[in-house]
Protein chains: 2
Amino acid sequence: MKKQERQRYIKRLLSSNEIERQEDFVSLLRAENIEVTQATISRDIKDMQLVKVPSATGGYHYSMPVQKQMDTEKKLKRTLRDAYVSYATQDKFVLIKVLPGNGPALATLIEAMHYEEVFGTIGDDATVLIICKSLAMTLDLQQRLQRLLNDN
Amino acid sequence: MKKQERQRYIKRLLSSNEIERQEDFVSLLRAENIEVTQATISRDIKDMQLVKVPSATGGYHYSMPVQKQMDTEKKLKRTLRDAYVSYATQDKFVLIKVLPGNGPALATLIEAMHYEEVFGTIGDDATVLIICKSLAMTLDLQQRLQRLLNDN
DNA sequence: TCAGGTCTTTCATATTTATGCAAAATAGCT
DNA sequence: AGCTATTTTGCATAAATATGAAAGACCTGA
């Protein structure tokens, strides 16, 4: 597929070059014989959740998304997949049902991730209640959990 | 001082609201009786190294800088301050002289920080050599080290 | 207090990034 | 293949962000 491949290139470019503007991606990709416009790059960046970081020396550059503590995340993913039963949302709450005994562990892991969306977490034997900071953030968090549950 | 205070407010706003555009900061600050323009916010954001993150639900929002591994960073700071003797740069290299015995530890700590600027690190008894990915990145790294050495 | 430096802010605007919409490409179906 | 639905892209442009230059604020020392 076309898009995937391009995004792979983008990822590669990220680590080896100093990329200050989206147009830089366009140029660099052109050099690799991949024709794209800035518009597409903008969408790729959104997809890949890349960020434009102000660097210490006064410039800006694009960079990979905030690396979560991959350890905790890995554990979280496993726990989630192992113990997950169901979930529901209402207002700023996400309520996750898990197999008995897994609530507290999951709650702790979610805490440990320091997701900016979450205001607080509490878990009993088989339930985890996550309170988000806003409605929008509740959606974000859902997405995140969704991903952990399904993706790769 | 004025700027400091505003930036403190900004930091506070970050965690409680969904901020999608710099103008949002302007509005929110205005609500707190702080008058600023978007231009100033843009500069604050650069100062504070905030980033605009594409969020899972399709929007964007500003967020705190990539969280440093505060543990390692603290150790690094201490080691650096305790053992630092001198440093020099040339091309993509930063060479740090430290008190005898501290080289390897410092090198390891720097590795552990996973600074995106650094390509690799090697340390002997009293020296650490850091190889950066580019000239610009060498400057960035210097800045970083400078800060660790001097700031707060 | 004033002159001269430094820092900070605004204004105006250049630069960069995001996006609606239509076209093109890609995938599924049958 | 042929047709329809979905995804992806480019174009044009809107929206958002960054920045030079001038003005104002704030030091500091004489």
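Numbered from 1 within each chain, the chains take letters A, B, ... in sequence-line order.
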- Does a nitrogen or oxygen in the side chain of Ser42(A) sit under 4.0 Å from OP1 or OP2 of dA18(C)? yes
- Item | Residue-phosphate contact under 4.0 Å: Thr40(A) side-chain N/O, dT9(D) OP1/OP2 | no
- Query: In whole angstroms, how far is the C1' atom of dT17(D) from the CD1 atom of Ile45(A)?
  - Reply: 14 Å
- Are Lys52(B) and dA16(D) close enough that a side-chain N or O sits under 4.0 Å from OP1 or OP2? no
- Is it true that a side-chain atom of Glu117(B) and a backbone atom of Thr138(B) form a donor plus acceptor pair closer than 3.5 Å? no
- Message: Check whether Tyr9(B) forms a cation-pi arrangement with Arg6(B) (NZ or CZ under 6.0 Å from the six-membered ring centre, at most 45° off the ring normal).
- Response: no
- Can you check side-chain contact (heavy atoms from CB on, under 4.5 Å) on Ile19(B) and His61(B), steps first, answer last? CA-CA 5 Å; Ile19(B) 297 179; His61(B) 67 276; 5.7 Å; no
- Query: Tyr60(B) or Thr37(B): which one's nearest nucleotide on DNA chain C is closer to the 5' end?
  - Reply: Thr37(B)
- Query: More than 12 heavy atoms of other residues, nucleotides or ligands under 6.0 Å from CZ of Phe119(B): is that the case?
  - Reply: no
- Message: Measure CG/Asp44(B) against C1'/dC7(C) and give the value in whole Å, please.
- Response: 13 Å
- Under 4.0 Å between a side-chain N/O of Lys46(B) and OP1 or OP2 of dT19(D), yes or no? yes
- Glu5(B) CD to dC7(C) C1', straight-line distance once rounded to whole Å: 17 Å
- Message: If I take atom CD1 in residue Ile34(A) and atom C1' in nucleotide dT8(D), what distance separates them, rounded to the nearest angstrom?
- Response: 15 Å
- Does the side chain of Gln22(A) get closer than 4.0 angstrom to OP1 or OP2 of dA18(C) through an N or O atom? yes
- Message: Which is more 5' along DNA chain D, the nucleotide nearest Arg43(B) or the one nearest Gln38(A)? Just name the residue.
- Response: Gln38(A)
- Rounded to whole Å, CD1 of Ile41(A) lies from C1' of dC11(D) at a distance of 16 Å
- Message: Expressed as a whole number of angstroms, how long is the span from Asp47(A):CG to dT9(D):P?
- Response: 9 Å
- Message: Looking at Leu135(B), I want to see if its CG is surrounded by more than 12 non-hydrogen atoms of other residues, nucleotides or ligands under 6.0 Å.
- Response: yes
- Query: Is any side-chain N or O of Arg6(B) closer than 4.0 Å to OP1 or OP2 of dT9(C)?
  - Reply: yes
- Roughly, in whole Å, what's the span from CD in Glu23(B) to P in dA15(D)? 13 Å
- Note on the structure: Whole-Å distance, Glu35(B) CD to dC11(C) C1', equals 15 Å
